[in-house]
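As the structure is a prediction and not an experimental result, all values here were calculated from the model.
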Amino acid sequence: MEPQSVKGQKRPLGRPWRLKVLGGPHRLRRPLLKLGHPREAAVARMSMQSTNPLKPKAPHQPPGIPKSLSCQRRHTLPASEFRCLTLEDAVSAFEIEREAFISVLGICPLYLDEIRHFLTLCPELSLGWFEEGCLVAFIIGSLWDKERLMQESLTLHRPGGRIAHLHVLAVHRAFRQQGRGPILLWRYLHHLGSQPAVRRAVLMCEDVLVPFYERFGFHAVGPCAVSVGSLTFTELHCSLRNHPFLRRSSGC
C-alpha cells in the first residue's frame, strides 16, 4: 500500500520510504521526488499512485466454509475438469442418474452395480465433468461387437468390439439448462475419436430426444430391439470417421 500522510501530521523529510515490490521482499527505495513544499508532496503521492499497481483484493468466500479449507481446495482442485471416471465416482454418478431418470421414467439406464461393473472393465469409455472436484455430469459407455444393439448390450462389454455403446448421459439437477450436456457429448465423441479401435458410437433413446442427438452427427436407424418394461426406443448410430467434431473449433 502506498505511504499516506496522517491528517495533521507531516512525514519526516529526508527519510527513505519503504515500498512494497510486487513479487519480492520489502526493500528500501529512494523517494521518486525530493519532498519540500506540501504541494510537491501531493504531486509525489499522485505520481506514485499512478505508477504502482493496486494490491488485489482477496476473493470473497461463501459463508459457512472455513477459510483454511476453502484456500486449500482453491489451490488443489481445478475449477473445471474433464476426465474418465473411476470406481470412487460410482456413487456420485448413480445419485445424479437416479434423480434424473427415476423421477421421470421410474427406471435407471444403469444401477449402481452396473456402473461399478463398467467402470471396472472399461473406465476409458467414460467421461466425467468435475467442478472443484465434484461430479456434475457424466457419460458411461462400453464396447459392442454387433451391428445393432441387443438386450445383452445393456450389461455386456465386448473388449474386441469396434462400437462404443453410450449407456447414459446425465447432468446434475443444479447444472441443467446451462448447455453442459452438449459440451460433454462433443468432448466424449472427440475422446472416442482418439481411440483407433472405436469406429462408431451407438445409443438408444426415446423419440423425443432424437433431434437432440442428430445435432451431433447421430442418425436414426429404426426401432431398437431393446425394451425396458413398457418403454421402447429408437436406435441411433454415429460414425467417428470424418465426424464434424474434427472440424469444430469452439473448444468444446
Side-chain angles (χ1 to χ4, degrees), residues 80-131 133-146 148-176 180-195 197-206 209 212-213 216-218 224 226 228 231 233-238 240 245 252:
S80 186
E81 177 187 20
F82 294 86
R83 64 167 174 82
C84 296
L85 301 179
T86 68
L87 283 175
E88 295 179 352
D89 304 313
V91 173
S92 298
F94 178 63
E95 290 299 325
I96 294 174
E97 186 188 6
R98 180 170 61 178
E99 188 279 330
F101 289 92
I102 290 185
S103 60
V104 178
L105 301 175
I107 59 172
C108 268
L110 297 176
Y111 287 89
L112 183 56
D113 288 345
E114 296 165 331
I115 291 176
R116 287 173 172 158
H117 171 71
F118 287 121
L119 293 185
T120 299
L121 296 179
C122 49
E124 71 281 0
L125 295 176
S126 66
L127 187 64
W129 190 341
F130 294 82
E131 294 284 354
C134 296
L135 183 66
V136 300
F138 71 93
I139 296 176
I140 292 178
S142 65
L143 289 180
W144 184 241
D145 58 357
K146 300 291 192 302
R148 298 288 297 270
L149 295 176
M150 304 169 61
Q151 202 74 29
E152 307 91 274
S153 61
L154 296 181
T155 56
L156 294 181
H157 167 63
R158 302 291 195 187
R162 297 295 186 93
I163 299 172
H165 174 202
L166 281 64
H167 292 274
V168 57
L169 186 163
V171 179
H172 191 284
R173 63 180 180 274
F175 295 87
R176 292 175 196 152
R180 292 178 182 262
I183 292 175
L184 180 62
L185 184 54
W186 275 111
R187 283 185 173 267
Y188 184 76
L189 293 175
H190 187 275
H191 175 65
L192 292 179
S194 67
Q195 303 183 36
V198 182
R199 297 182 177 179
R200 187 194 310 168
V202 302
L203 59 85
M204 61 183 197
C205 68
E206 296 180 277
L209 293 175
F212 170 80
Y213 288 106
F216 302 90
F218 286 87
C224 186
V226 179
V228 179
L231 297 176
F233 306 95
T234 297
E235 184 170 334
L236 295 96
H237 291 194
C238 174
L240 297 178
F245 71 75
C252 289

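Among residue pairs with one or both ends in residues 161-171, none qualify as salt bridge (Lys or Arg N to Asp or Glu O under 4.0 Å); sequence neighbours excluded. Applying the salt bridge (Lys or Arg N to Asp or Glu O under 4.0 Å) definition to pairs two or more places apart or across chains, those involving residues 91-107 are Glu95-Arg98, Glu99-Arg176. The ring pair (Phe, Tyr, Trp, His ring centres under 6.0 Å) analysis of residues 93-115, with sequence neighbours excluded, yields no pairs. Among residue pairs with one or both ends in residues 101-110, none qualify as salt bridge (Lys or Arg N to Asp or Glu O under 4.0 Å); sequence neighbours excluded.
At least one donor-acceptor pair closer than 3.5 Å links the side chain of Tyr188 to the backbone N or O of Leu125. Side-chain N or O atoms of His237 include none that pairs as donor or acceptor with a backbone N or O of Ala201 at under 3.5 Å.
Arg199 meets the salt bridge (charged side-chain N to carboxylate O under 4.0 Å, His left out) test with no other residue; sequence neighbours excluded. By the side chain to side chain donor-acceptor pair (under 3.5 Å) test, Thr86 is found to be paired with Asp89, residues two or more places apart in sequence or in another chain being considered. With sequence neighbours excluded, the residues that form a salt bridge (charged side-chain N to carboxylate O under 4.0 Å, His left out) with Arg180 are Glu131. The side chain to side chain donor-acceptor pair (under 3.5 Å) check on Ser92 picks up nothing, with sequence neighbours excluded. Arg116 is linked by a side chain to side chain donor-acceptor pair (under 3.5 Å) to nothing, counting only residues two or more places apart in sequence or in another chain. Qualifying side chain to side chain donor-acceptor pair (under 3.5 Å) partners for Glu206, counting only residues two or more places apart in sequence or in other chains: none.
With rounding to the nearest 0.5 Å, the separation of NE2 in His190 from CG in Leu240 is 11.0 Å. Atom-to-atom distance recorded for Glu81:CD and Cys134:SG is 11.5 Å, nearest 0.5 angstrom. Rounded to the nearest 0.5 Å, atoms CG (Leu231) and CD1 (Ile107) are 4.5 Å apart. Rounded to the nearest 0.5 Å, atoms CZ (Arg158) and CG (Leu121) are 12.0 Å apart.
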Taking only distance into account, with no hydrogens and no angle test, what donor-acceptor pairs under 3.5 Å do side-chain atoms of residues 136-146 form with protein atoms, sequence neighbours excluded?
from, atom 1, to, atom 2, distance (Å)
Ser142, OG, Leu156, O, 3.4
Ser142, OG, His167, NE2, 2.7
Trp144, NE1, Arg148, O, 3.0

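Contact annotation: the side chain of Glu114 never approaches that of Cys108 to less than 4.5 Å [non-hydrogen atoms, C-beta and beyond]. Residues His165 and Leu149 have side chains in contact (heavy-atom distance under 4.5 Å, counting atoms from C-beta outward). Between Phe212 and Cys205, the closest side-chain pair of non-hydrogen atoms is not below 4.5 Å. Annotation: side chain of Trp129 is in contact with side chain of Ser80 (closest heavy-atom distance under 4.5 Å). Leu184 is listed as a side-chain neighbour of Leu127, based on a closest heavy-atom distance under 4.5 Å. Inter-residue side-chain proximity for Ile183 and Phe82 is flagged as met; some heavy-atom pair is nearer than 4.5 Å. By the 4.5 Å heavy-atom criterion applied to side chains, Cys238 and Val202 are not counted as neighbours. Annotation: side chain of Leu203 is not in contact with side chain of Leu169 (no heavy-atom distance under 4.5 Å).
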With side chain to side chain contact (heavy atoms under 4.5 Å, CB included) as the criterion, how do Val226 and Ser153 come out once you've worked through the C-alpha distance, each side chain's angles and the decisive distance to 0.1 Å? CA-CA 9 Å; Val226 179; Ser153 61; 4.3 Å; yes

Let's go through Leu185 and Leu166 carefully: what are the C-alpha distance in whole Å and the side-chain angles of both, what is the deciding distance for side chain to side chain contact (heavy atoms under 4.5 Å, CB included) to 0.1 Å, and is it a yes or a no? CA-CA 10 Å; Leu185 184 54; Leu166 281 64; 4.0 Å; yes

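Closest heavy-atom contact between Cys84 and Pro123: CB-O, 3.5 Å. Of all non-hydrogen atoms in Ala90 and Leu112, the two that sit nearest each other are O-CD1, 3.7 Å. Scanning both residues, Leu135 and Gly128, for their nearest heavy atoms gives CD1-CA, 3.9 Å. Closest approach of Phe118 to Leu110, counting heavy atoms only: CE1-CD2, 3.7 Å.
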